[in-house]
There are 2 protein chains.
Amino acid sequence: MSESAWRPVRRTRTFEDVLAQIERRIAEDGLTAGDRLPPERTLAEQLGVSRSSVREAMRVLETLGVVSSQVGRGPDAGAVLVSKPDSALTDLLRLHLGLAALEPGEVIDTRLMIECWSAARAAAGRPDTSALERALRGMDGARTPEEFVEHDTAFHCALAEASGNRLIAAFMRSLRDSMRRYAVEAVIRLGDTSGLQADHRRILAAVRGGDQEEARRAVTDHLARAYPPDAH
Amino acid sequence: MSESAWRPVRRTRTFEDVLAQIERRIAEDGLTAGDRLPPERTLAEQLGVSRSSVREAMRVLETLGVVSSQVGRGPDAGAVLVSKPDSALTDLLRLHLGLAALEPGEVIDTRLMIECWSAARAAAGRPDTSALERALRGMDGARTPEEFVEHDTAFHCALAEASGNRLIAAFMRSLRDSMRRYAVEAVIRLGDTSGLQADHRRILAAVRGGDQEEARRAVTDHLARAYPPDAH
DNA sequence: GGCGGAGTATGGTCTGACCATACAATGGTC
DNA sequence: GACCATTGTATGGTCAGACCATACTCCGCC
């Protein structure tokens, strides 16, 4: 018998079975966001497991942004399928950053990748730019770094949404959320935000003008200003 | 009183408190991958909550790829901090794809973004290309579409790893995992894999030659061949 | 018709028990 | 002393049953 022919038997825990069955039901019945899952007690009885196991499966699904549980009684109570990957991604990034398993530089790089892509895509599509303009005005009126960063986040997320790709937009939102602290530090370090605002207007102009390459360059220059490579 | 001045009181559930405290400990004590968490029973007693609540928190952390639990006794037993975001990302993508909350086209687009970026980064850094070459040979010897896709996945993941960014590499692995089905379909649809292999060699040559723009173009052309825009 | 209290279904939590697992400690055997 | 089988024990995994808080539903009173 050859060595390493034995792979470790992956014991499957009860709640993993429950998860698999729920996922199968989603696929087979074509369930989608807004549909409801049976109550925990019912599910436990139907699957022949304890309510604890069902609850642990629910917790996993909730963590992944796939179900949302409401207590009480009525049409809105119980577990309903949703599709909110944002908080799941945010939690994931935040925790792994906290574990020092990811460097801030890696996250900033990823953000640069996403923003370049989004800006180019947005420029190609001539999207609605009202959200971008609103965020610009918000940054103009900001009185504290925190307030500025809030509208800055709105600007960059709006850029990602303008790309039309929901996965990329969700990833962008999560990156911003998990990096809020660094963003505030960067603004404080810079002191003056007029340069950032000039960058933002340049990005907006490129998107409006449909110039993909200029949009890429504008975003790259902007992030280089906000996060100079020697700052992390 | 202005409208919408009231935000919904977000009742915090017990297991969320447990989660917050564990996260705080990770941050304050500088815990990192490999460190261990107290046993569930101890944690429950110390926090003054039931073991069920601790377990639900553990399930969340496990889902996010932050802890791994082993039964039994000894140095390897108990809950240990890890950093495995891959399966979390994979589950997230797979479930949201299943809920029809994401279109395959969005995932493919995201993949194109990541690969272009990775290829350019890899070309800029003159990385070790032995993994890429090994995957190439594997594809040459593949006898079934499934086998080809397996080595193809290895090739593209190796490309992402060559970028040096672990977050992007993890995202790439998850994208490939959640899209394995589509990849096999694409190979079967094409029938002949010689074109794909020519693309791969062109990508490798660009990376070896340090030509970032050519690497970008090669990846873009390759994905356009594998997933023609009218196929999804 | 409207309003208020009782009823009830739901998720959230707790307690206590038992099981399976895998190491630790012990003691016997050679 | 080295080795091995037995027993003990700490750990996660599961279950059953209870109780609580919540929020809707229903029914009866006004």
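Letters A, B, ... are given to chains in the order of the sequence lines, protein chains preceding strands, and every chain is numbered from 1. Note that these values count all heavy atoms, side chains included, but never hydrogens, waters or copies made by symmetry.
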Do the rings of A/His156 and A/His222 sit parallel, tilted or perpendicular, given the 30° and 60° boundaries?
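A/His156 vs A/His222 ring planes: parallel.
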Expressed as a whole number of angstroms, how long is the span from [X]:[atom1] to [N]:[atom2]?
X       : N      : atom1 : atom2 : result
A/Leu43 : D/dC15 : CG    : P     : 13 Å
A/Arg13 : D/dT11 : CZ    : P     : 18 Å
B/Leu19 : C/dG12 : CG    : P     : 14 Å
B/Asp76 : D/dG12 : CG    : P     : 13 Å
A/Glu40 : D/dA16 : CD    : P     : 15 Å
A/Glu16 : D/dG12 : CD    : C1'   : 13 Å
A/Met58 : C/dT10 : CE    : P     : 12 Å
B/Glu45 : C/dC14 : CD    : C1'   : 15 Å

Nearest to the side chain of [X] - [options]?
X       : options                : answer
B/Ser52 : C/dA24, D/dG12, C/dC14 : C/dC14
B/Arg73 : C/dG11, D/dT9, D/dT14  : D/dT9
A/Val71 : C/dA24, C/dC14, D/dT22 : D/dT22
A/Ser69 : C/dG12, D/dG12, C/dT13 : C/dG12
B/Arg51 : D/dT9, D/dT14, C/dT13  : D/dT14

CZ/A/Arg36: more than 12 non-hydrogen atoms of other groups inside 6.0 Å
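Above 12, so yes.
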Tell me whether the count of non-hydrogen atoms from other residues, nucleotides or ligands lying under 6.0 Å of CD in B/Glu146 goes above 12.
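Result for CD/B/Glu146: enclosed.
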Is a donor-acceptor pair below 3.5 Å formed from side chain B/Arg41 to base D/dG12, judging by atom type as modelled?
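Indeed there is one.
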Does any donor-acceptor pair link the side chain of A/Arg55 with the base of C/dG11 at a separation under 3.5 Å?
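Such a pair does not exist between side chain and base.
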Which part of the nucleic acid, if any, lies within reach of [X] when heavy atoms closer than 4.0 Å are counted: base, sugar-phosphate only, or nothing?
X       : value
A/Arg59 : sugar-phosphate
A/Gln70 : sugar-phosphate
A/Gly74 : sugar-phosphate

So, is B/Ser53 close to the C/dC14 phosphate, meaning a side-chain N or O under 4.0 Å from OP1 or OP2?
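So the side-chain polar atoms of B/Ser53 do come within 4.0 Å of the phosphate oxygens OP1 or OP2 of C/dC14, strictly under.
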Taking 4.0 Å as the cut-off, does a side-chain nitrogen or oxygen of A/Ser50 come that near to OP1 or OP2 on D/dA16?
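Result: no.
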Answer yes or no: is there a donor N or O on one side and an acceptor on the other, between the side chain of [X] and the main chain of [Y], under 3.5 Å?
X        : Y        : result
A/Asp29  : A/Leu31  : no
B/Thr144 : B/Glu147 : yes
B/Gln70  : B/Asp76  : no

Residue whose nearest DNA chain D nucleotide is more 5′ - A/Gly48 or A/Gly72
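Its nearest nucleotide lies further toward 5', so the answer is A/Gly48.
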